[in-house]
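No hydrogens, no waters, no symmetry mates; every other heavy atom, side chains included, goes into these values. All figures in this text were calculated on a predicted structure; none of them were measured in a lab. Each ligand, and each atom within it, is numbered from 1 in the order the structure gives.
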Amino acid sequence: MSLTREQLAQEIIDAGRFLYGRGWSPATSSNYSARLSPDQALLTVSGKHKGQLGIDDVLATDLDGNSLEPGKKPSAETLLHTQLYRWRPQIGAVLHTHSVNATVLSRLTSETFIDFEDYELQKAFSGITTHESQVRVPIFDNDQDIARLAAKVQPWLEAHPDCVGYLIRGHGLYTWGPRMNDALRQIEAFEFLFECELKTRALLNR
Ligand SMILES: CSC[C@@H](O)[C@@H](O)C(=O)COP(=O)(O)O
Ligand SMILES: [Zn+2]
């Protein structure tokens, strides 16, 4: 059964409180969305404090990223959400966060991806059933031109149908799932892996 706009808005508000509380969405950073219908998304309004979202701090857009609610400014990164809803009809929620660990890890490497291997927690990602797997997370260079950034993300998505999320260097993480709880679970799994990776690298001093 699909959720109403009010229920989806409440899920976005609750996600913001949780993610802000964990320190993964500081200040006005981050943006969140849920699929409202096959061809519409419900997204956070730009510039809002994500720990203090209210019922009016979301708006509907089409999947080209156009606001369907005049007077409300959609997230600056709307296109990064709507491209995911276009890519996969089964995606129902998208979360973007700005954690310290995602920011530091993506700046530590000049590689264009990071692989996670042999972590039991990889099984928190959709489609992964064993630690004996590889989760490859692409890292795209940050770009204030979001259409240009989305155009770089798109070929990766097409070539990697199992992709569960990506990093933007020095910026943050995008991940998604069929429902908000799935996307939240993946954010937590990513944050665990980022922290393990940073601690391991610090101990190995590399
Ligand atoms: C506080 S700077 C963060 C922004 O530049 C952006 O990256 C971000 O995540 C939030 O943008 P928003 O337009 O509020 O959705
Ligand atoms: Zn951002």
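Ring orientation note: the planes of Phe190 and Phe125 are tilted relative to one another, at an angle of 30° to 60°.
Remark: minimum distance from atom 13 (O) of ligand 1 to any protein heavy atom is reached at Ser46 OG, 2.6 Å. Atom 11 (O) of ligand 1 has its closest protein heavy atom at Asn31 ND2, 3.7 Å. Looking from atom 7 (O) of ligand 1 to the surrounding protein, the closest heavy atom is Glu77 OE2, 2.6 Å. With respect to atom 3 (C) of ligand 1, the closest heavy atom belonging to the protein is His98 CE1, 3.7 Å. Closest protein heavy atom to atom 1 (C) of ligand 1: Thr28 OG1, 3.4 Å.
Note: angle at the Zn ion (ligand 2), from NE2 of His98 to NE2 of His171, is 90° (rounded to 10 degrees).
Taking 4.5 Å as the limit, every side-chain heavy atom of Thr109 sits out of range of all side-chain heavy atoms of Ile114.
When only modelled atom types and interatomic distance are considered, Asn142 and His171 share a side-chain donor-acceptor pair under 3.5 Å. With 3.5 Å as the limit, one finds a donor-acceptor pair spanning the side chains of Asp14 and Gln10. Checking Tyr85 against Gln40 by side-chain atom types alone, no donor-acceptor pair falls below 3.5 Å. With 3.5 Å as the limit, one finds a donor-acceptor pair spanning the side chains of Tyr119 and Glu197.
Under the salt bridge (charged side-chain N to carboxylate O under 4.0 Å, His left out) rule, Arg86 has a single partner from Asp64, Asp39, Asp62, which is Asp64.
Within the set Gly47, Gly172, Ser33, the minimum heavy-atom distance to atom 14 (O) of ligand 1 is found for Gly47.
Distance screen at 4.0 Å: atom 5 (O) of ligand 1 has no protein heavy-atom neighbour inside the cut-off.
Not a single heavy atom of Thr44 sits under 4.0 Å from any atom of ligand 1. Heavy-atom distances between His171 and ligand 1 reach below 4.0 Å in at least one pair.
For Tyr32 and His81, the distance between ring centers is not under 6.0 angstrom.
Taking every non-hydrogen atom of His96 and a distance limit under 4.0 Å, the qualifying atoms of ligand 1 come out as 9 (O). Residue Ser30 has at least one heavy-atom neighbour below 4.0 Å for each of these atoms of ligand 1: 8 (C), 9 (O), 10 (C), 15 (O). Applying the 4.0 Å criterion to heavy atoms of Ala76 picks out, from ligand 1, the atoms 12 (P), 13 (O), 15 (O).
Arg185 has no carboxylate O lying under 4.0 Å from a charged side-chain N of Glu188, or vice versa, which leaves the two without a salt bridge.
Contacts of Ser75 with ligand 1, taken as heavy-atom pairs under 4.0 Å, involve both backbone and side chain. At a heavy-atom distance under 4.0 Å, only side-chain atoms of Lys50, from C-beta outward, approach ligand 1.
For the pair Gln186 (side chain) and Trp176 (backbone), a donor-acceptor distance under 3.5 Å is present.
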